[in-house]
There are 2 protein chains.
Amino acid sequence: MGEPENVGYDITLPAANIYEVRCPILRALEVIGGKWKLPLLWHLADGAVRFNALHREVRGITHMMLSKCLKELEGDGLLRRSECGGKVRHVEYALTERGRRLLPALRELYRWGEEQLSQDGGGRTGDAGQS
Amino acid sequence: MGEPENVGYDITLPAANIYEVRCPILRALEVIGGKWKLPLLWHLADGAVRFNALHREVRGITHMMLSKCLKELEGDGLLRRSECGGKVRHVEYALTERGRRLLPALRELYRWGEEQLSQDGGGRTGDAGQS
DNA sequence: CCGTATCCTGGGGGATACTG
DNA sequence: CAGTATCCCCCAGGATACGG
């Protein structure tokens with residue numbers, strides 16, 4: 001891009017300049033990027049989970065990041081938050097339809113990750129010399 | 001984790017402590033995490049691409065990050081680097097088998113990203129109130 | 001039990017310039 | 001054309017503590 005050369009007439013496509021053609025991969029990255037979004041989503045795949053349960057299951061995440069990520073994911077329409085208030089406060093998070101549509105991608109990623117773990121742990125195939 | 005309490009006998013599982021049970025999703029994130037790995041991989045899906053071609057196609061990536069990411073991906077066995085040296089230097093990068101196995105996941109992500117773009121751009125369905 | 005405010009640090013990633 | 005070295009900034013994410 002940069003400045004288009006001046007050729008005497010307009011060579012730009014106005015619409016394309018304003019609403020730039022966006023890469024879906026980049027878009028996905030905006031929503032699920034970062035250190036915890038994917039692990040979080042993954043742990044919600046099987047159904048609604050409570051805040052503290054997530055805190056325990058998603059090893060290493062801090063209270064704060066959990067709260068922040070859940071909020072963002074909710075804002076992006078991937079999660080739904082629901083209170084089941086009794087005496088003590090209970091909050092559950094569950095995937096929305098939009099969130100569930102991400103699961104196929106997560107499953108593929110999971111499978112791939114498994115492969116890597118087993119290969120790097122067992123015998124490295126190396127992949128060197130294959131087409 | 002942390003220090004296990006001393007209960008007089010060994011309550012730890014040695015093997016589990018050394019080769020901790022690792023989450024495949026986390027493993028995948030180590031390899032393809034960051035701002036540019038996924039876009040890069042995506043642009044290599046169709047075949048070998050030259051350094052400068054990638055520099056142009058992956059909008060916004062800097063010369064340096066491109067070099068760094070390619071190196072890391074090569075180190076992780078996802079890419080293969082090959083020189084086609086003539087007068088001027090030419091270097092091509094292509095997915096290895098390991099790299100190609102990631103494509104199904106990328107395609108799913110791409111499809112999902114497309115959905116989001118069209119929904120957020122056109123009429124937001126919102127997803128609020130659906131089961 | 002759940003959420004947020006504040007503070008602080010590390011390293012991811014950009015700019016620039018140099019080499020082969 | 002391809003790759004590296006250096007410097008530097010910024011903010012994602014951790015620690016801690018308070019509030020409903």
Side-chain angles (χ1 to χ4, degrees), chain A residues 1-3 23 25-44 48-76 78-94, chain B residues 1-3 23 25-26 28-44 47-76 78-94:
Chain A
M1 242 159 286
E3 306 305 344
C23 171
I25 295 279
L26 255 23
R27 167 59 178 186
L29 244 25
E30 288 173 6
V31 178
I32 59 158
K35 194 172 177 179
W36 299 111
K37 300 280 180 69
L38 247 27
L40 230 30
L41 256 9
W42 184 250
H43 281 272
L44 285 165
V49 185
R50 298 242 316 265
F51 187 91
N52 272 357
L54 281 171
H55 192 22
R56 260 174 279 115
E57 290 168 24
V58 181
R59 312 289 328 203
I61 194 171
T62 62
H63 190 82
M64 258 226 58
M65 285 314 292
L66 178 55
S67 177
K68 184 159 170 272
C69 289
L70 288 172
K71 201 178 196 177
E72 290 174 6
L73 288 172
E74 194 194 356
D76 283 321
L78 292 158
L79 297 185
R80 189 176 316 103
R81 179 182 179 283
S82 57
E83 309 214 9
C84 353
K87 289 202 57 143
V88 278
R89 202 159 149 215
H90 286 299
V91 181
E92 274 189 351
Y93 290 90
Chain B
M1 246 160 281
E3 305 306 345
C23 172
I25 294 278
L26 255 23
L29 244 26
E30 288 173 6
V31 179
I32 59 159
K35 193 174 179 179
W36 299 109
K37 300 282 179 69
L38 247 29
L40 230 28
L41 257 9
W42 184 249
H43 281 272
L44 284 165
V49 186
R50 298 243 315 265
F51 187 92
N52 272 357
L54 280 171
H55 192 22
R56 261 175 277 114
E57 290 168 24
V58 181
R59 313 287 332 199
I61 194 170
T62 63
H63 191 82
M64 258 228 58
M65 285 314 291
L66 178 55
S67 177
K68 185 160 170 270
C69 288
L70 287 172
K71 203 177 194 178
E72 290 174 6
L73 289 172
E74 195 194 357
D76 284 321
L78 294 164
L79 297 186
R80 188 175 316 103
R81 180 183 178 283
S82 57
E83 310 213 9
C84 353
K87 288 200 57 140
V88 279
R89 202 160 148 215
H90 286 301
V91 181
E92 274 189 351
Y93 290 89

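As the structure is a computational prediction, the values presented were derived from the model and not from experiment. Chain naming here is simple, since letters A, B, ... match the order of the sequence lines and numbering starts at 1 in each.
Comparing atom distances between the A/T62 side chain and each of C/dG13, C/dC2, D/dG14 picks out D/dG14 as nearest. Set against C/dG3, D/dA2, C/dG13, the side chain of B/V91 has D/dA2 as its closest nucleotide. The B/H63 side chain lies nearest to D/dT4 when the options are D/dT4, D/dG14, C/dC2. When distances run from any side-chain atom of B/N52 to the nucleotides D/dG13, D/dC1, C/dT4, the shortest one goes to D/dC1.
Atom CG of A/L70 and atom P of C/dT4 are 10 Å apart (whole Å). Distance NE2 (A/H90) to C1' (C/dG3): 16 Å, rounded to an integer number of Å. In this structure, CD of A/E72 is placed 14 Å from C1' of C/dT4, rounded to the nearest angstrom. Spacing between atom CE of B/M64 and atom C1' of D/dC7 amounts to 11 Å, rounded to whole angstrom units. Between B/M65 atom CE and C/dA15 atom C1' there is a gap of 13 Å when expressed in whole angstrom units. Whole-Å rounding puts the B/Y93 OH to D/dA2 P distance at 8 Å. Atom CD in B/E83 sits roughly 11 Å away from atom C1' in D/dC1 (whole-Å rounding). Taking atom CD1 of residue B/I61 and atom P of nucleotide C/dG13, one finds them 10 Å apart after rounding to whole Å.
Contact check, B/R81 against D/dG3: a side-chain N or O comes under 4.0 Å of OP1 or OP2. Contact annotation: B/S67 does not reach the phosphate of D/dA2 (side-chain N/O to OP1 or OP2, under 4.0 Å). OP1 or OP2 of C/dG14 lies within a sub-4.0 Å distance of a side-chain N or O belonging to B/K35. At the phosphate of C/dG20, neither OP1 nor OP2 sits under 4.0 Å from any side-chain N or O atom of B/R89. Not one side-chain nitrogen or oxygen of B/R50 sits closer than 4.0 Å to the OP1 or OP2 atom of D/dC1.
A/K68 comes within contact range of no nucleotide atom at all, as no heavy-atom separation falls under 4.0 Å.
In summary, B/E74 and B/K71 do not engage in a salt bridge, as defined by a charged side-chain N under 4.0 Å from a carboxylate O. A salt bridge links B/R81 with B/E83: the closest approach of a Lys/Arg side-chain nitrogen to an acidic carboxylate oxygen falls below 4.0 angstrom. With respect to B/K37 and B/E72, a salt bridge is recorded, a charged nitrogen being found less than 4.0 Å from a carboxylate O.
In this structure, A/L54 and A/L44 have side chains that are in contact, with non-hydrogen atoms separated by less than 4.5 Å.
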Practice item. For side-chain contact (heavy atoms from CB on, under 4.5 Å), just list the numbers for A/L38 and B/L26, CA-CA rounded to whole Å, side-chain angles, deciding distance to a tenth of an Å, and then say yes or no. Key: CA-CA 8 Å; A/L38 247 27; B/L26 255 23; over 6 Å; no
